[in-house]
Q: 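The following block contains the structure, expressed as structure tokens.
Just follow the structure's listing: the first ligand is 1, and inside any ligand the first atom is 1. Side-chain atoms are counted along with the backbone in the values below, which use heavy atoms only and exclude waters and symmetry mates.
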Amino acid sequence: MSEHHEKMTKTTPMQVVVATVGGLVAPLIAIFLIIQLVLGIQASHVNQDTDDVQTEAVAERIKPVGDVHIVDASAPKVEKSGEEVFSAVCTACHTSGALDAPKQGNKGDWEKRIGQGYDTLVKHAIEGIRAMPPRGGGADLSDAELARAVAYMANSGGAKFTAP
Ligand code: HEC
């Protein structure tokens, strides 16, 4: 029994060398091969274009939720002033004169329109006229808010309308 035991545990210097070299080299080869595999997969799947698209997609997915507008439907609606409505909605066209919209503060643009009278202008603002969309596209604006915005704009172009 003890003889057998000795045989089992007795190692030659050669065995030590083989075991040591094998024990060190084998994991290194394995690691090297794994790295090669990973790099190979990356190289075949990723090019600059998809990388950019992916970066954008990720940015879109992880963007802060602060971007989302949460509107409390039960909150009392606060009526906006003419200037507030203008800055929120009408300015998109009426500041630059886009689509030939009469420009804010431009007397020449507003002169003829003012001649139609306040009520007609308000009606056109509510119902829309030609390239002017109904309510200027601000579907949630009340008639009074629109009337105020019309007065605000027309007055900037020389009218003397009194807003409701
Ligand atoms: C998408 C662009 C756009 C937006 C936004 C917009 N308008 Fe206009 N608006 C126009 C255009 C274009 C005209 C000229 C229409 C025409 O006479 O052919 C116009 C004309 C008008 C007129 C004159 C109508 C008339 O009878 O002469 C009023 C008043 C007016 N807009 C009010 C508003 C108000 C108030 C808002 C914001 C709530 C608003 N608009 C937002 C494009 C816009």
Side-chain angles (χ1 to χ4, degrees), residues 25-164:
V25 171
L28 284 179
I29 290 174
I31 289 167
F32 178 74
L33 288 176
I34 289 168
I35 290 171
Q36 288 293 303
L37 183 67
V38 169
L39 290 180
I41 289 170
Q42 277 184 353
S44 66
H45 282 260
V46 179
N47 61 40
Q48 197 51 44
D49 282 353
T50 58
D51 208 3
D52 284 351
V53 170
Q54 280 173 350
T55 310
E56 261 172 44
V58 168
E60 182 68 21
R61 262 181 271 131
I62 64 174
K63 73 178 178 188
V65 277
D67 238 22
V68 176
H69 294 278
I70 297 165
V71 179
D72 183 355
S74 63
K77 184 175 176 350
V78 180
E79 287 276 310
K80 292 192 187 69
S81 71
E83 187 177 353
E84 283 167 346
V85 172
F86 173 80
S87 324
V89 179
C90 325
T91 183
C93 300
H94 286 275
T95 293
S96 63
L99 307 169
D100 254 355
K103 285 205 277 291
Q104 167 74 356
N106 185 314
K107 292 202 162 58
D109 282 1
W110 281 100
E111 212 167 21
K112 267 188 285 159
R113 301 187 184 261
I114 290 166
Q116 301 177 95
Y118 187 38
D119 290 348
T120 305
L121 287 178
V122 171
K123 184 170 180 281
H124 289 166
I126 291 171
E127 292 172 359
I129 179 169
R130 292 177 287 264
M132 160 79 195
R135 296 183 188 274
D140 58 343
L141 294 175
S142 70
D143 290 0
E145 284 175 322
L146 275 153
R148 275 182 227 131
V150 170
Y152 175 75
M153 272 199 284
N155 290 352
S156 82
K160 292 194 168 49
F161 298 142
T162 312

Q: Can you tell me the protein heavy atom closest to atom 15 (C) of ligand 1 and the distance?
A: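 For this ligand atom, the closest protein heavy atom is Ile129 O, 3.6 Å.
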Q: Give a yes/no verdict on whether any heavy atom in Gly138 is under 4.0 Å from an atom of ligand 1.
A: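 No heavy atom of Gly138 comes that close to ligand 1.
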Q: For ligand 1, indicate whether the residue Leu141 contacts it via side chain, backbone, both or neither (heavy-atom separation under 4.0 Å).
A: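 Side chain only; the backbone of Leu141 stays clear of ligand 1.
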Q: To check your reading of the model: name the closest protein heavy atom to atom 26 (O) of ligand 1, its residue, and the distance in Å.
A: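 Looking only at protein heavy atoms, the one closest to atom 26 (O) of ligand 1 is His124 ND1, 2.4 Å.
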Q: Looking only at protein heavy atoms, which one is nearest to atom 29 (C) of ligand 1, and how far off is it?
A: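 Looking at atom 29 (C) of ligand 1, the protein heavy atom closest to it is Leu121 O, 3.7 Å.
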Q: With only distance considered, is Gln116 within less than 3.5 Å of ligand 1 through an N or O on each side?
A: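 Yes, since at least one N or O of Gln116 sits under 3.5 Å from an N or O of ligand 1.
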Q: For Val89 and Gly138, work out which heavy atoms get closest and say how close.
A: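 Looks like CG1-N, 4.0 Å.
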Q: Identify the heavy atoms of Val85 and Ala149 that sit nearest to each other, and give their distance.
A: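 Scanning both residues completely, I find the closest heavy atoms to be CG1-CB, 3.6 Å.
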Q: With Ile35 as reference, evaluate Leu33, Val38, Leu39 under the side chain to side chain contact (heavy atoms under 4.5 Å, CB included) test and give the passing residue.
A: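 Output: one option passes, namely Leu39.
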Q: Could you tell me if Thr91 and Gln104 have a donor-acceptor pair between their side chains, going purely by distance under 3.5 Å?
A: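 No, Thr91 and Gln104 have no side-chain donor paired with an acceptor closer than 3.5 Å.
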Q: Using heavy-atom distances, let me know which of Val85, Thr91, Leu99, Leu146 sits nearest atom 12 (C) of ligand 1.
A: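 Residue with the shortest heavy-atom distance to the ligand atom: Leu99.
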Q: Quick one: are Phe161 and Ile114 in side-chain contact, heavy atoms under 4.5 Å?
A: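 Side-chain contact under 4.5 Å: yes.
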Q: Can a donor-acceptor pair be found, under 3.5 Å and without considering hydrogens, that links the side chain of Tyr152 to the backbone of Glu84?
A: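 Not confirmed, Tyr152 side chain does not pair with Glu84 backbone.
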Q: Is it the case that ligand 1 has an N or O less than 3.5 angstrom from some N or O of Arg113?
A: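 Looking only at distances, the answer is yes, because the N/O contact criterion of under 3.5 Å is met.
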Q: Counting neighbours of CD on Glu111 that are heavy atoms of other residues, nucleotides or ligands and sit closer than 6.0 Å, is the number greater than 12?
A: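 At most 12 heavy atoms, drawn from other residues, nucleotides or ligands, come within 6.0 Å of this atom.
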Q: Select the closest option to atom 33 (C) of ligand 1 among Lys123, Glu127, Met132, judged by heavy-atom distance.
A: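 It is Met132 whose heavy atom sits nearest to atom 33 (C) of ligand 1.
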Q: For ligand 1, which part of Ala154 has a heavy atom less than 4.0 Å away: the side chain, the backbone, both, or neither?
A: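 Neither; nothing of Ala154 gets under 4.0 Å from ligand 1.
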Q: My understanding is that only one of Glu79, Lys80, Arg148 makes a side chain to side chain donor-acceptor pair (under 3.5 Å) with Ser142; could you say which?
A: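 When side chain to side chain donor-acceptor pair (under 3.5 Å) is applied between Ser142 and each of Glu79, Lys80, Arg148, only Glu79 qualifies.
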Q: In the protein, what heavy atom is nearest to atom 2 (C) of ligand 1, and what distance, to one decimal place, separates them?
A: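 Of every protein heavy atom, Cys93 SG, 1.8 Å lies nearest to atom 2 (C) of ligand 1.
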Q: Return the minimal non-hydrogen interatomic distance between Asp140 and Glu145, and the atom names on each side.
A: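 Here Asp140 and Glu145 meet closest at O-OE1, 4.2 Å.
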Q: If you count the atoms of ligand 1 from 1 in the order shown, which ones are under 4.0 Å from a heavy atom of Ala149?
A: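 Here the atoms of ligand 1 in question are 35 (C).
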Q: Trp110 to ligand 1: N or O pair under 3.5 Å?
A: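 For ligand 1, there is no N or O atom that lies under 3.5 Å from one belonging to Trp110.
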Q: Nearest protein heavy-atom contact for atom 16 (C) of ligand 1: which residue, which atom, what distance?
A: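 Looking at atom 16 (C) of ligand 1, the protein heavy atom closest to it is Arg130 NE, 3.3 Å.
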Q: Should Lys112 be listed as contacting ligand 1, given a heavy-atom distance under 4.0 Å as the test?
A: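 For ligand 1, residue contact (heavy atoms, under 4.0 Å) with Lys112 is absent.
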Q: Test your reading of the model: is there a side-chain donor-acceptor pair from Arg113 to the backbone of Leu121, 3.5 Å cut-off?
A: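 Flag not set: sc Arg113 to bb Leu121 has no pair under 3.5 Å.
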Q: To the nearest 0.5 Å, tell me how far Met132 CE sits from Ile126 CD1.
A: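 Spacing of CE (Met132) from CD1 (Ile126) equals 9.5 Å.
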Q: Can you list the ligand 1 atoms lying under 4.0 Å from a non-hydrogen atom of Pro102?
A: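 So the atoms of ligand 1 that pass are 13 (C), 14 (C), 19 (C), 20 (C).
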Q: Does His94 reach ligand 1 with a nitrogen or oxygen that is under 3.5 Å from one of the ligand's nitrogen or oxygen atoms?
A: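 Min N/O separation from ligand 1 is below 3.5 Å for His94.
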Q: Roughly how far, to the nearest 0.5 Å, is CE of Met153 from CG of Asn106?
A: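 Result: 12.5 Å between the selected atoms.
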Q: With a cut-off of 2.8 Å, does any N, O or S atom of Cys90 fall short of it relative to atom 8 (Fe) of ligand 1?
A: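 Not a single backbone or side-chain N, O or S atom of Cys90 is under 2.8 Å from atom 8 (Fe) of ligand 1.
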Q: Please identify which atoms of ligand 1 are closer than 4.0 Å to at least one heavy atom of Arg135.
A: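 Listed by number with element: 38 (C).
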Q: Looking at Trp110 and Gly105, would you say the former's side chain and the latter's main chain have a donor-acceptor pair under 3.5 Å?
A: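 No, the answer is negative, given that no donor and acceptor are paired below the 3.5 Å cut-off.
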Q: List ligand 1 atoms under 4.0 Å from Ala131, heavy atoms only on the residue side.
A: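 Result: 12 (C).
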Q: Where is the nearest protein heavy atom to atom 5 (C) of ligand 1: which residue, which atom, and how far?
A: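 Protein heavy atom with the smallest distance to atom 5 (C) of ligand 1: Gly136 O, 3.2 Å.
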Q: For ligand 1, which atoms sit closer than 4.0 Å to a heavy atom of Pro133?
A: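 Here the atoms of ligand 1 in question are 1 (C), 3 (C), 43 (C).
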